[in-house]
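Computed from a predicted model, the values in this text were never measured in an experiment. All residue numbers refer to positions in the sequence shown, counting from 1. Ligands are counted one by one from 1 in listed order, and the atoms in each one are counted from 1 as well.
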Amino acid sequence: MNRPVIIVHGGAWDIPDEFVDAHIKGCERAVLAGWDILKNGGSALDAVEEAIKVMEDDPTFDAGIGSFLNEEGFVELDALIMDGASLNAGAVAGVRRIKNPISLARKVLELTSHILLIGEGAEKFAKKIGFTLIDPKDLIIERELKRWLMIKEKKLKPQDFFSGRETVGAVALDVNGNIAAGVSTGGIPFKMPGRVGDTPIIGAGAYADNSYGGVAATGYGEAIMRVLLSKTVIDYLSRGFSVSEAAKKALELMYRKTGGRGGIIVIDKNGNIGYYHTTTRMAFAYVINGRLRSGIKVT
Ligand code: ASP
C-alpha cells in the first residue's frame, strides 16, 4: 500500500499582493477536496478531477468560470487528465458551453477511443452523455469583461497581461500506486478564437506514468508545447533526477531554448513532491503525511 499524496497549483505568474490570499485559499480548498478522496482509498484520477473542479468553480483562477476572454469576448476552455496506470488520457479544447471541462476530459478518457475532442464536437459528445450545456455567458464575470473592454478600447495591451497565467493543475498518487495528472485553463487574455495552448496537449500541459511520476505545468503555452515540458520532466525523472531537479532542469531547458517561463508541480512514483517555477510567483498547496501545506512560492 502506498502513502497517498496530492499537490495542486493555481498558476505561475507575478500574482499581485491583493490576490495572494484568494489564490492560497483556492488552492487549499482544492487540495483538501482531492485529499478527502485519497485518504478514503479513492483513486488518483478521482482526486485530480475533484481538485480541479473546485478550482474551475472558483472565479479566482483562469479555469472554468472567471476565465480570460478571447478577442471576440468569449471564454474558450481547455483541459486534460491523464492516467499513469494505462497512459490513457482525455482532453477537450476550445469548449464554450461546459462548466467543468476537466469532467468532460475524464469522460473522453473513459468513454471514447480518442484523446482530444475540440469545440462543437466535444460539446456534442457532452450533450450525448448527459452533460448540461450552459450558456457561454455564464462563464463570464465582471472582472474579465472589464479587462476585455480595456484591451479592446486599447487602454491596455494584451501583452500587459501575458504575465498573468492562472491555469490550474493537480497531480496525485493513490494507495494503489496509481498516479494521475490534470490541468484546466481559459488560456490567455484576448487570444485568437480557436487558439489552443499547451494545457490539453498530452506531454505538454500534463503527463503521468506510474513507472516514474506525474507532472502538471503552467506558463507560456506556446513555449511549453515546443519542449513538451511535462514529458521532459518525466524524462529527467526516468534518468534518476529528483523531483526538484527534474522540474528545475526542464524549466531551465524551456527558458534556454524558447525564452518562455512557467511553473511545474510533480510527484514521483515514491510519493516525493516537487515544484519549481521561473515566473515571479506560483500558488500551490499539497497534502503529504496527512498534513496540508500551501503558499505562494516566490523566486
Ligand atoms: N499554459 C496556459 C496557456 O498558455 C496558460 C497558463 O498556464 O496559465 O494556455
Would you say [X] has any N or O atom under 3.5 Å from an N or O of ligand 1, going by distance alone?
X: Gly197; value: no
X: Gly221; value: yes
X: Thr167; value: yes
X: Thr218; value: yes

**OP:** Apply side-chain hydrogen bond (donor to acceptor under 3.5 Å, both in side chains) to Asp57 and Asn100, showing your working.
**Re:** CA-CA 8 Å; Asp57 290 341; Asn100 292 110; 3.2 Å; yes

Original post:
Val75 and side-chain contact (heavy atoms from CB on, under 4.5 Å): which partner among Ile141, Val95, Leu69, Asp138?
Top reply: Leu69

Original post:
With no hydrogens and no angle check, do the side chains of Ser103 and Glu49 hold a donor and an acceptor under 3.5 Å apart?
Top reply: yes

Could you list the donor-acceptor pairs under 3.5 angstrom formed by side chains in residues 286-294, with sequence neighbours left out?
residue : atom : partner : partner atom : Å
Asn289  : OD1  : Arg3    : NH1          : 3.2
Ser294  : OG   : Glu28   : OE2          : 2.6

Original post:
Backbone, side chain, both or neither: what part of Glu166 comes under 4.0 angstrom of ligand 1, heavy atoms only?
Top reply: backbone

Subject >> Gly11 heavy atom under 4.0 Å from ligand 1 >> reply: no

Original post:
Mind checking whether Arg195 has a heavy atom under 4.0 Å from ligand 1?
Top reply: yes

Original post:
Residues two or more places apart in sequence or in another chain: which of them pass salt bridge (Lys or Arg N to Asp or Glu O under 4.0 Å) with Glu252?
Top reply: Lys248

Subject >> Option of least heavy-atom distance to atom 3 (C) of ligand 1 (set: Leu229, Val196, Val168, Asp198) >> reply: Asp198

Original post:
Honestly, is Arg96 close enough over Phe74, meaning NZ or CZ under 6.0 Å from the six-membered ring centre and within 45° of the axis?
Top reply: yes

